[in-house]
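Okay, so here's the structure we're looking at.
Just so it is clear, the structure is predicted and the values come from calculations on it, not from any experiment.
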Amino acid sequence: MYEAHYGLTEKPFSIQPDPDFLYLGRRHALAFTMLQYGIQNRSGFTVICGDIGCGKTTLIRHLLNTLGQELTVGLVYNTHPDIADLLEWIMLSFGQPFDGLSPVARYEAFQRFLIAEYAAGRRTVLIVDEAQNLNAGALEALRMLSNINADKDQLLQVILVGQPQLRDLLKKPELKQFAQRVGVDFFIPPFTPAEVVDYVQHRLQVAGREQPLFTTEALARIAEVTGGVPRSINVLCDMALVYGFGGDQPIVDLPLVNQVLADRRDYGVLGGSSAGQ
């Protein structure tokens with residue numbers, strides 16, 4: 001809609017996870033390093049937490065793009081507290097048959113799969129996104145799966161990615177044994193105001209524009225109202241570009257951003273909450 005008006009080749013602020021637009025601020029870069037370290041050092045469990053919209057899923061997509069052929073990766077992303085048998089979803093993520101198998105037979109089949117991958121020289125990594133939705137029983141089932149090993153080598157590595165509730169869940173007394181298996185963990189905080197500026201400019205550059213499009217004052221306001229959360233930044237910046245295009249403005253300034261915020265507060269279905277208010 002507004003791409004040509006601003007000299008863009010594509011929309012720079014989509015809320016869909018896109019590794020091509022990944023901006024590695026200091027804390028996001030550390031989180032990515034922790035993910036790599038956990039995989040390379042065969043950590044049984046790696047836990048990455050962060051608030052809603054902080055870029056966790058985009059980070060995982062970027063990780064998947066960097067992994068080599070020596071890794072067999074399964075991704076479980078549709079978690080919920082009432083999952084009857086997490087192993088079914090795990091086997092599905094690895095493309096393994098599970099229909100009609102009893103719980104014991106499923107466990108045995110998955111164990112054979114892990115041993116076969118190990119014998120072929122491949123390591124098996126399971127990534128569970130939105131892991132805060134899992135209950136204590138599902139996490140305990142994961143811990144039991146992590147007991148499968150060959151000699152000194154653990155056959156399954158697990159990466160849990162989730163919101164802050166996951167961190168709280170892992171602190172419960174009944175999950176003490178699980179928490180002791182976590183070799184790598186990191187919490188991703190929101191961007192600092194300076195990182196918000198770099199983040200916005202980075203996404204504009206990826207979308208084809210080198211020149212600044214937002215004034216310094218506009219970016220400071222965006223950083224303030226979004227709290228540095230990437231998804232909220234994207235929503236607000238995208239709407240500001242729509243407003244600017246509609247008003248034939250060449251840049252996004254502070255009055256324009258304030259107008260967007262006022263209109264979303266007064267007329268938006270969510271009262272402006274999706275833009276960080």
Side-chain angles (χ1 to χ4, degrees), residues 15 17 27-39 41-64 73-94 98 103 106-107 110 114 124-149 154-191 227-232 273-274 276:
I15 63 172
R27 275 72 64 90
H28 282 73
L30 277 172
F32 186 69
T33 299
M34 290 296 181
L35 285 168
Q36 291 180 309
Y37 177 81
I39 289 176
N41 287 272
R42 300 176 183 268
S43 174
F45 287 93
T46 297
V47 177
I48 300 294
C49 290
D51 287 320
I52 296 172
C54 77
K56 302 182 296 296
T57 300
T58 303
L59 206 61
I60 291 300
R61 296 283 180 85
H62 179 58
L63 176 70
L64 291 173
V73 181
L75 175 61
V76 175
Y77 55 87
N78 46 0
T79 57
H80 56 83
D82 299 322
I83 287 181
D85 191 337
L86 182 60
L87 184 52
E88 289 184 341
W89 293 98
I90 293 173
M91 295 183 73
L92 177 64
S93 74
F94 286 109
F98 60 88
R106 278 196 297 273
Y107 181 87
F110 188 65
L114 292 178
T124 305
V125 178
L126 172 67
I127 301 173
V128 182
D129 201 1
E130 301 296 345
Q132 78 281 349
N133 294 329
L134 297 177
N135 57 36
L139 289 174
E140 179 61 14
L142 275 177
R143 187 184 71 83
M144 296 302 292
L145 289 177
S146 74
N147 288 333
I148 302 173
N149 56 63
Q154 189 164 310
L155 300 190
L156 179 66
Q157 294 179 249
V158 181
I159 297 174
L160 300 180
V161 183
Q163 297 170 23
Q165 299 95 304
L166 174 62
R167 179 178 56 181
D168 299 335
L169 178 61
L170 294 178
K171 292 179 180 179
K172 290 187 174 183
E174 61 266 34
L175 288 172
K176 182 177 181 180
Q177 282 187 296
F178 186 100
Q180 291 174 344
R181 296 286 187 90
V182 176
V184 178
D185 64 287
F186 193 82
F187 187 88
I188 305 174
F191 289 140
V229 176
R231 187 180 300 164
S232 297
S273 61
S274 62

Taking side chain as C-beta onward, heavy atoms only, is Pro173 less than 4.5 Å from Lys176? no
Mind checking the CZ-CG spacing from Arg61 to Leu75? Nearest 0.5 Å is all I need. 7.5 Å
For the pair Thr79 (side chain) and Glu130 (backbone), establish whether a donor and an acceptor sit closer than 3.5 Å, ignoring hydrogens and angles. yes
Where the side chain of Asn149 meets the backbone of Asn147, is there a donor-acceptor pair that is under 3.5 Å apart? yes
Quick check: do Ile60 and Ile48 have side-chain heavy atoms less than 4.5 Å from each other? no
Would you mind reporting whether Gln157 and Thr46 have side-chain heavy atoms less than 4.5 Å apart? no
Please round to the nearest 0.5 Å and tell me the distance separating atom CG of Leu169 and atom CD of Gln132. 9.5 Å
For residues 158-188, which residue pairs pass the ring-ring contact (aromatic ring centres under 6.0 Å, His included) check, not counting sequence neighbours? Phe45-Phe178
Which heavy-atom pair separates Leu59 from Ala31 by the least distance, and what is that distance? CD2-CB, 3.6 Å
Which atom names give the shortest non-hydrogen contact between Gly50 and Pro164, and what distance separates them? O-CD, 3.3 Å
How far does CZ of Phe32 sit from CD1 of Ile188, to the nearest 0.5 angstrom? 11.5 Å
Kindly give the heavy-atom pair with the smallest separation between Phe94 and Gly74, and that separation in Å. CE2-N, 3.1 Å
Taking atom CE of Met144 and atom CD of Gln177, what is their separation to the nearest 0.5 Å? 9.0 Å
Quick one: does Phe110's side chain get under 4.5 Å of Leu155's, heavy atoms only? no
Side-chain heavy-atom pair Leu160, Leu142 within 4.5 angstrom cut-off: yes
Quick one: CD on Gln165 to CG on Asn133, what's the gap to the nearest 0.5 Å? 8.0 Å
Using the test salt bridge (Lys or Arg N to Asp or Glu O under 4.0 Å), find all partners of Glu88 that sit at least two apart in sequence or belong to another chain. Arg106
I'd like to know if the side chain of His28 and the backbone of Cys54 have a donor-acceptor N/O pair within less than 3.5 Å. yes
Between Leu170 and Asp185, does a side-chain contact (heavy atoms from CB on, under 4.5 Å) hold up when you go through it step by step? CA-CA 11 Å; Leu170 294 178; Asp185 64 287; over 6 Å; no
If you look at every heavy atom in Gly227 and Pro190, which pair is closest and at what distance? O-CB, 3.1 Å
OG1 of Thr57 to OH of Tyr77: how many Å apart, nearest 0.5 Å? 11.5 Å
Restricting to non-hydrogen atoms, name the atom on Arg167 and the atom on Cys49 that form the minimum distance, rounded to 0.1 Å. N-SG, 3.9 Å
Identified side-chain contact (heavy atoms from CB on, under 4.5 Å) partner of Ile90 from the options Leu126, Leu156, Val158: Leu126
Could you pull out all residues at least two apart from Asn41 that satisfy side chain to side chain contact (heavy atoms under 4.5 Å, CB included)? Tyr37
